[in-house]
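Below, chain A is the first sequence line, B the second, and so on; all start at residue 1. What's counted below: heavy atoms across the whole structure, side chains too, no hydrogens, waters or symmetry copies.
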Number of protein chains: 4
Amino acid sequence: MTAEARSGPAPSRVARRRDRKVADILSAAADVLSERGFHGMSLDEVADRLDLTKASLYHYFPSREELVSACLETLATTANERLRQTAGAVSGTAAERLGMLIRAQLDMVVREYPQMARLFLQPLDWPELYRQRSRALRVEHDEIFRSVVREGIRSGEFNVDEDVAMHNLYGAMNNVPVWFRGRRKKDVDDMAAKVADNLLRLFLPPASSSSA
Amino acid sequence: MTAEARSGPAPSRVARRRDRKVADILSAAADVLSERGFHGMSLDEVADRLDLTKASLYHYFPSREELVSACLETLATTANERLRQTAGAVSGTAAERLGMLIRAQLDMVVREYPQMARLFLQPLDWPELYRQRSRALRVEHDEIFRSVVREGIRSGEFNVDEDVAMHNLYGAMNNVPVWFRGRRKKDVDDMAAKVADNLLRLFLPPASSSSA
Amino acid sequence: MTAEARSGPAPSRVARRRDRKVADILSAAADVLSERGFHGMSLDEVADRLDLTKASLYHYFPSREELVSACLETLATTANERLRQTAGAVSGTAAERLGMLIRAQLDMVVREYPQMARLFLQPLDWPELYRQRSRALRVEHDEIFRSVVREGIRSGEFNVDEDVAMHNLYGAMNNVPVWFRGRRKKDVDDMAAKVADNLLRLFLPPASSSSA
Amino acid sequence: MTAEARSGPAPSRVARRRDRKVADILSAAADVLSERGFHGMSLDEVADRLDLTKASLYHYFPSREELVSACLETLATTANERLRQTAGAVSGTAAERLGMLIRAQLDMVVREYPQMARLFLQPLDWPELYRQRSRALRVEHDEIFRSVVREGIRSGEFNVDEDVAMHNLYGAMNNVPVWFRGRRKKDVDDMAAKVADNLLRLFLPPASSSSA
DNA sequence: GATGAATGAGCCTTCATTCAT
DNA sequence: GATGAATGAAGGCTCATTCAT
């Protein structure tokens with residue numbers, strides 16, 4: 001992210017080494033972040049997992065704050081990339097495509113990056129600084145979903161207040177890791193599919209509406 | 001030991017004072033808890049807001065842990081009472097009654113007790129101890145909603161996997177205060193109504209199901 | 001100690017009441033002192049055992065320090081009284097009389113006031129203030145023993161450096177409660193007799209002296 | 001992890017530095033421990049004497065508890081080593097050899113390690129945990145003395161109940177630093193010799209026993 | 001005389017951060 | 001580039017002491 005951005009000659013061996021180390025650190029930090037939460041992540045634990053000293057982390061990140069922020073960015077990038085792949089790979093009705101996105105997001109959030117949900121939930125207890133950054137990062141993610149939703153609305157397939165439904169979708173989707181915690185992997189897949197199906201209803205008009 | 005043994009009508013002036021103070025502390029603690037989160041809540045800050053010293057809190061609660069637990073219990077009790085009132089006061093279709101409950105919950109969560117949402121969201125990074133307690137406290141709350149949902153399912157009005165829909169409902173509902181943060185009160189009411197309507201869809205069969 | 005010292009008319013009922021309370025407090029404090037040691041004694045625990053509040057203790061003693069000092073004085077008075085009774089009641093050789101005193105002291109120290117030993121040991125870790133007081137209090141106690149010892153020396157029955165033997169005697173005697181801790185009462189009596197006999201040797205010339 | 005794995009001859013400069021610091025800390029802690037006692041020893045005071053911050057101590061010891069334990073172990077090791085040297089170096093009657101041991105112990109306790117006495121006195125008010133440890137550590141020390149004593153008993157030179165005499169010996173011996181506190185060095189040597197001689201009497205049969 | 005309330009000072013512990021080597 | 005050392009600030013908790021009622 002730093003060295004690659006340079007426009008100069010081929011990145012020196014030392015620069016590549018540094019980038020690899022940065023990636024390692026980010027990965028370890030993301031792990032700790034997932035397991036212990038924002039407030040539970042200590043530099044000591046991150047360093048321990050890398051067989052490094054806490055002090056050494058400061059060669060790569062000027063502060064804990066920057067490390068966490070970089071983690072968020074990495075997670076967001078990963079998520080958005082995967083989602084964009086998903087979005088690009090499918091065709092069909094808006095509902096079908098939205099369903100795929102939801103399932104992809106659940107997959108990530110449940111199986112690989114339970115901490116990722118925090119990024120999208122804007123946790124109330126994070127310092128304002130991080131909330132701002134994560135809000136910014138979320139916009140892109142949001143847009144992937146919203147473009148499908150808007151399409152569905154335009155085509156008449158969906159019938160909703162976009163903001164309202166999107167918020168409900170996000171709230172439910174990102175709470176899933178809490179719900180699933182500790183379940184067996186098999187169950188998780190079944191459940192995730194059911195959850196996704198149910199969430200689609202937020203966008204579809206109900207058969208008999210008592211509150212349309 | 002003496003006052004508490006009395007049959008009730010005369011809780012000595014001192015006891016009333018103490019109760020009021022306990023309530024004040026719980027309120028302040030709940031505020032801090034909701035603003036800073038579990039790990040961010042320090043006894044110093046709670047005490048500061050009450051013009052007290054940290055040490056003074058220990059006259060009312062034997063430990064930080066007990067204080068937090070008492071907050072959870074108080075909030076849960078408040079919420080369950082209000083919901084039960086709501087549930088008892090309405091008649092109509094299951095959808096109508098569920099709608100009322102959702103609106104009641106949103107009302108509380110958005111207007112009066114934004115802290116309350118935390119109780120139902122079980123943040124991933126709280127110590128297991130508290131997650132257990134809050135899970136236990138939530139059961140009662142959950143049951144009020146579920147009884148209406150089950151009724152709707154039995155009557156054929158609703159058509160869902162109860163667990164799946166309930167979880168989605170909770171996730172979305174309790175994320176609302178995050179979403180609404182900083183909005184004007186007028187908007188909030190409108191929004192809440194729309195959110196409630198949209199959430200009802202989770203339980204109603206969609207007009208045309210494009211997902212098997 | 002305060003009221004009784006007054007030269008005025010019969011101590012009013014209120015004064016007697018106060019004295020009784022002071023005695024109760026001293027007794028409770030001495031108990032805690034024995035069980036928890038000087039540093040482990042807290043006003044809270046003393047008050048608890050009396051069904052009082054910590055604050056109430058301050059009606060009778062101006063500070064923790066004064067309470068502890070009063071305890072020491074009480075213990076010393078008790079010990080000295082008992083020893084003087086013993087000393088007055090016996091006749092016989094110096095060795096016989098010293099043996100009685102030792103047994104009396106062991107009896108007190110082991111059975112009734114394990115904390116009393118601290119008074120005579122001048123614990124290294126007590127604040128200087130208390131060490132001075134306890135040293136003063138010990139003089140009287142010491143003198144009871146020494147008068148018998150000096151007599152034995154004068155009569156030729158004993159053959160020792162008074163200071164040296166006295167110190168060794170005190171050190172050994174007051175360490176007994178540590179040694180006996182947790183033993184059964186029966187054993188304690190047997191042991192105490194043996195200990196006393198052995199300690200007498202400090203004063204008697206050895207049969208074959210390789211170091212006289 | 002790296003340096004410790006080496007076979008010994010080259011404990012990197014940094015390791016040596018650390019060891020020296022650990023030794024310094026242990027020394028300072030032992031001092032404070034002996035002056036203020038277990039409960040009176042604060043990490044702040046230990047740190048102060050080393051021109052360190054309390055927090056820095058945690059680089060070397062994970063907790064106050066471990067620091068105290070390490071002190072006990074260090075003192076015990078030192079004492080036992082010295083005594084074993086003494087025991088190995090002397091010949092002669094049991095009384096002569098026991099006399100040497102007593103003098104050696106007094107020498108250490110009075111001149112170099114006044115803290116050491118605490119290790120052997122097992123103060124009543126230390127938490128059970130430490131009393132257990134120090135009791136265990138004392139066993140070895142005890143055994144050095146007892147082997148000589150048992151030999152003297154076997155050969156008929158001594159005539160005592162081993163346990164009783166040993167306890168009296170320990171009580172008297174370890175109380176010496178309290179007694180000597182503040183005396184001039186010259187006097188101390190004379191005194192110590194007299195104390196040792198007197199203590200030997202505990203093991204020798206008295207010339208005329210007036211106590212059955 | 002008794003007590004609940006409040007507090008300041010002190011303790012142990014954790015942690016992000018700095019710096020010399 | 002890496003690390004051990006050191007630290008300041010903060011957090012939870014205890015306790016002797018004061019004071020108004």
Task: Nearest-nucleotide 5' precedence on DNA chain F, Arg17(B) against Asp44(C) - done: Asp44(C)

Open item on the list: Output the rounded distance in Å from NE2 (His39(C)) to P (dA16(F)).
Closed with: 12 Å

Open item on the list: From CZ of Arg36(C) over to C1' of dT14(F), roughly how many Å is that when rounded to an integer?
Closed with: 15 Å

Open item on the list: Holding to side chain to side chain donor-acceptor pair (under 3.5 Å), I want the full list of residues that pass it with Arg49(B), two or more places apart in sequence or in another chain.
Closed with: Glu35(B), Glu45(B)

Open item on the list: For Asp44(A), give me all partners under side-chain contact (heavy atoms from CB on, under 4.5 Å), at least two apart in sequence or on another chain.
Closed with: Ser42(A), Lys54(A)

Open item on the list: If I compare all heavy atoms of Leu50(A) with all of Leu57(A), which pair ends up nearest, and what's the gap?
Closed with: CD1-CD2, 4.5 Å

Task: Consecutive-pair stems (3 or more, Watson-Crick or G-U, under 3.5 Å) for DNA chain E - done: E:2-21 with F:2-21

- [ ] Using whole Å, report how far NZ of Lys54(A) lies from P of dT7(F).
- [x] 14 Å

Task: Those residues that, when tested against Thr53(D), pass side-chain contact (heavy atoms from CB on, under 4.5 Å) (two or more places apart) - done: Ser56(D)

TODO: Could you list where the contact with chain B starts and ends along DNA chain E, reading 5' to 3', using a 4.0 Å heavy-atom cut-off?
DONE: dG4(E) to dG8(E)

N/O donor-acceptor pairs under 3.5 Å from side chains in residues 58-66 of chain A, not counting sequence neighbours:
residue	atom	partner	partner atom	Å
Ser63(A)	OG	Glu65(A)	N	3.4
Ser63(A)	OG	Glu66(A)	N	3.2
Arg64(A)	NH1	Met41(A)	O	2.5
Arg64(A)	NH2	Phe38(A)	O	2.9

TODO: Please tell me which of Met41(B) and Glu65(C) maps to the more 5' nucleotide of DNA chain F, matching each residue to the nucleotide holding its nearest heavy atom.
DONE: Met41(B)

Task: DNA chain E: 5'-proximal contact among Asp51(B) and Ser42(D) (nearest heavy atom) - done: Asp51(B)

Under 3.5 Å donor-acceptor pairs involving side-chain atoms of residues 21-32 of chain C, not counting sequence neighbours:
none

Task: Ser69(D): partners by side chain to side chain donor-acceptor pair (under 3.5 Å), with sequence neighbours left out - done: Arg133(D)

- [ ] Please work out if Arg18(B) contacts a base, only the sugar-phosphate, or nothing of the nucleic acid, heavy-atom cut-off 4.0 Å.
- [x] sugar-phosphate

Open item on the list: Quick check on contacts: within residues 55-63 of chain A, what sits under 4.0 Å from DNA chain F by heavy-atom distance?
Closed with: Ala55(A), Ser56(A), His59(A), Tyr60(A)

Open item on the list: To the nearest 0.5 Å, what is the distance between OG on Ser12(D) and CZ on Arg18(D)?
Closed with: 11.0 Å

TODO: Please tell me if the side chains of Leu33(A) and Leu75(A) come closer than 4.5 Å, counting only heavy atoms from C-beta onward.
DONE: no

Open item on the list: Under 4.0 Å, counting only non-hydrogen atoms across every strand here, what does Lys21(D) touch: a base, just sugar-phosphate, or nothing?
Closed with: sugar-phosphate

